[in-house]
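Here's the structure we're looking at; comments come further down.
Remember, predicted model here, so these are calculated numbers, not experimental data.
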Amino acid sequence: MNIRPSARSWVPLLVLLVGVSCTPKRTFQAPENVPPETFVFVRSPVTDTVPARVVMHWYGNDPDGEVVAYRYSWWRDSVQVMAGTTRTTRDTFTLPVAGGVRLYTFKIQAVDDQGAVDPTPATVSFPMVNSPPTIAFTYQSLPPDTTLNVVTFFFELHDVDGDNTITQLLYRLDTDTAWTVTAFDSTYLTLENIPPGTRTVYFRAADFTGALSDSISFTWTVRPVRGSLLVILDHDGANRTAWTDMMIQAGYDTTTFTFWYLPNELTDPDRFPEVVRDIRALLTPSRFRAVFWLSSAPNPSDVWLNHLLVPLQDYLQAGGQVFFSGPAFAQDVDTAFLQTYLGLASTDTANYKQDKLISQYGEPRIARDSAASTSFPDTLTLSVGTPLVSRVDGFVQGTFSVLYRARFGLSSNALTDWIPVGVQKGQVVALTLSLLDVNGNGQAPRVLTEVGRGFGVYTGP
Ligand SMILES: [Ca+2]
Ligand SMILES: [Ca+2]
């Protein structure tokens with residue numbers, strides 16, 4: 001098998017090469033590069049004027065090569081206001097159109113693969129005008145008729161010249177003498193320290209030229225903040241009177257604490273950011289030394305607590321103190337939160353995840369923990385009085401102090417152990433029962449008294 005050309009087969013090739021080299025030299029004359037040609041059009045409907053934000057389209061042809069880039073420039077009268085180079089054939093431009101109608105010209109030149117620039121730029125001129133932005137409250141985002149002195153508003157803001165040209169949000173309360181101007185960097189605004197009473201607030205938006213939107217307004221009632229204790233009723237508006245009575249029975253003067261009712265409905269996601277913003281602004285130790293977070297809602301997915309753990313953690317880390325009382329407390333609270341703030345053991349977390357804690361219907365018997373090293377009086381007992389028809393959780397292991405233990409007597413597979421249902425670790429006290437449900441012997445209000453005394457917010461006898 002012959003895999004190499006034989007010596008004889010090279011001969012004609014050599015002759016050919018020699019023959020070429022013998023031909024008289026002739027200068028190769030490359031054809032001159034033809035520059036590209038550019039075309040432009042504006043996609044916006046050009047009526048009398050176009051908005052200050054405009055979409056331009058263009059393209060270029062090069063007869064003897066390729067178009068590799070485009071140089072563009074914007075001119076107002078004879079002044080260049082913007083220029084650049086791009087590889088695209090479409091872009092959106094926002095022109096600094098201030099005041100009235102101004103004539104703008106767009107020039108575009110294709111550049112070919114030889115670096116030649118179209119000597120006859122494509123141009124288009126049209127009158128442009130800036131329009132003021134528009135502002136509206138986000139659908140179904142308005143706060144309730146009555147709030148505390150912190151309220152978050154959410155907005156829909158638009159500008160035909162480009163939403164990114166909106167630069168300022170302005171507001172004015174009826175108690176203000178002038179508009180307050182804030183940099184517009186989000187679609188909500190949290191107002192704090194609002195004076196109590198019937199309030200009206202006005203909002204406007206402004207674009208980068210200072211063009212102002214119409215104003216929108218909202219009127220509502222602001223309740224005063226009282227004392228250094230915040231009592232949050234979570235999904236428990238129906239029991240307002242019962243909780244108020246218990247606070248009074250506990251010895252709290254109604255001027256020494258502030259009620260905050262979290263709305264019963266969790267179903268509207270638009271309300272979430274509002275409540276989260278408001279509670280984040282409200283929950284500072286300098287404003288409230290302690291929080292009683294109370295609920296009788298049996299379904300943990302209904303309560304707000306689980307959705308507000310981040311602001312709660314911030315509050316606790318800043319030195320705040322919290323007492324939780326509710327049947328939903330342990331069922332759905334993030335286990336990392338329970339581990340961090342109540343010392344819940346990881347083994348207990350595993351039990352919890354496997355739903356092996358107390359989670360049965362029936363009537364628990366509740367006892368003070370005799371080994372608890374707390375300031376709670378041993379005589380402070382709790383009793384359900386009537387059978388509970390809600391689930392009750394408990395903790396098995398952790399570094400917490402046990403205030404109360406419970407044992408179920410009615411369930412066929414009742415746990416034999418007395419499981420901790422009231423625990424304390426530092427600045428957090430948690431009772432996995434609603435105090436309203438364990439006042440069978442009339443002692444539940446005293447739990448509020450003792451917890452408040454420990455937190456330094458109880459001012460009664
Ligand atoms: Ca060319
Ligand atoms: Ca505008």
Side-chain angles (χ1 to χ4, degrees), residues 44 47-55 76 81-82 92-102 104 127-225 263 268-282:
S44 313
T47 51
D48 291 342
T49 59
V50 299
R53 182 171 183 267
V54 62
V55 181
R76 184 179 61 231
V81 295
M82 195 188 298
T92 303
F93 299 93
T94 302
L95 282 302
V97 183
V101 179
R102 301 295 294 267
Y104 275 78
M128 298 182 101
V129 65
N130 178 49
S131 301
T134 61
I135 184 170
F137 293 114
T138 302
Y139 180 63
Q140 289 188 339
S141 72
L142 282 170
D145 293 341
T146 302
T147 70
L148 290 180
N149 63 355
V150 171
V151 179
T152 301
F153 292 92
F154 293 80
F155 309 101
E156 290 278 346
L157 298 122
H158 295 294
D159 192 311
V160 293
D161 308 308
D163 292 349
N164 58 351
T165 63
I166 301 170
T167 54
Q168 291 176 331
L169 194 59
L170 298 82
Y171 67 89
R172 183 174 73 79
L173 280 166
D174 59 299
T175 50
D176 295 337
T177 54
W179 290 87
T180 300
V181 180
T182 64
F184 170 66
D185 49 15
S186 65
T187 54
Y188 64 84
L189 189 66
T190 301
L191 302 182
E192 298 184 33
N193 299 315
I194 307 169
T198 302
R199 291 277 79 85
T200 299
V201 63
Y202 304 87
F203 297 98
R204 306 179 84 170
D207 71 13
F208 71 110
T209 71
L212 284 167
S213 71
D214 291 338
S215 69
I216 54 174
S217 68
F218 180 69
T219 299
W220 81 114
T221 301
V222 177
R223 287 193 295 122
V225 169
D268 181 1
D270 285 335
R271 295 298 303 279
F272 268 83
E274 173 198 321
V275 171
V276 172
R277 294 287 162 199
D278 290 356
I279 205 160
R280 186 182 289 281
L282 266 178

Determine, step by step, whether Val150 and Thr190 satisfy the side chain to side chain contact (heavy atoms under 4.5 Å, CB included) criterion, reporting the C-alpha distance in whole Å, the side-chain angles of both residues, the deciding distance to 0.1 Å, and the verdict. CA-CA 7 Å; Val150 171; Thr190 301; 3.8 Å; yes
To the nearest 0.5 Å, what is the distance between [atom1] on [X] and [atom2] on [Y]?
X      : Y      : atom1 : atom2 : answer
Asp214 : Ile135 : CG    : CD1   : 10.5 Å
Thr198 : Trp220 : OG1   : CH2   : 10.0 Å
Thr134 : Leu157 : OG1   : CG    : 7.0 Å
Arg53  : Leu95  : CZ    : CG    : 12.0 Å

Sequence neighbours left out, what passes side chain to side chain contact (heavy atoms under 4.5 Å, CB included) with Arg223? Give chain and number order. Thr146, Leu148, Phe259, Trp260, Tyr261
List the residues meeting side chain to side chain contact (heavy atoms under 4.5 Å, CB included) with Pro196, not counting sequence neighbours, and say none if there are none. Pro224
Going by salt bridge (charged side-chain N to carboxylate O under 4.0 Å, His left out), name the pairs with one or both residues in residues 149-162, residues two or more places apart or in two chains. none
Quick test of your reading: applying salt bridge (charged side-chain N to carboxylate O under 4.0 Å, His left out), list the pairs with at least one residue in residues 190-206, sequence neighbours left out, ordered by first then second residue. Asp174-Arg199, Glu192-Arg287
Close side-chain approach of [X] to [Y], heavy-atom, < 4.5 Å:
X      : Y      : answer
Asn149 : Leu191 : no
Tyr104 : Val54  : no
Val151 : Phe218 : no
Leu212 : Leu170 : yes

Can you see which heavy atom on Val101 is nearest to which on Pro127, and at what distance? CG1-CB, 3.5 Å
Note: Pro143 and Thr147 closest approach over all heavy atoms is CB-CG2, 4.1 Å
Just by modelled atom types, is the Pro133 backbone N or O under 3.5 Å from a matching donor or acceptor in the Asp207 side chain? no
Donor-acceptor pairs under 3.5 angstrom involving side-chain atoms of residues 175-187: please list them, not counting sequence neighbours.
unit_1, atom_1, unit_2, atom_2, d
Asp176, OD2, Leu173, N, 2.9
Thr182, OG1, Leu169, O, 2.9
Ser186, OG, Tyr188, O, 3.3

By the ring-ring contact (aromatic ring centres under 6.0 Å, His included) test, which pairs, at least two apart or in different chains, include something from residues 192-217?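 Pairs touching residues 192-217 that pass the test: Phe137-Phe203, Phe153-Phe203, Phe155-Phe203.
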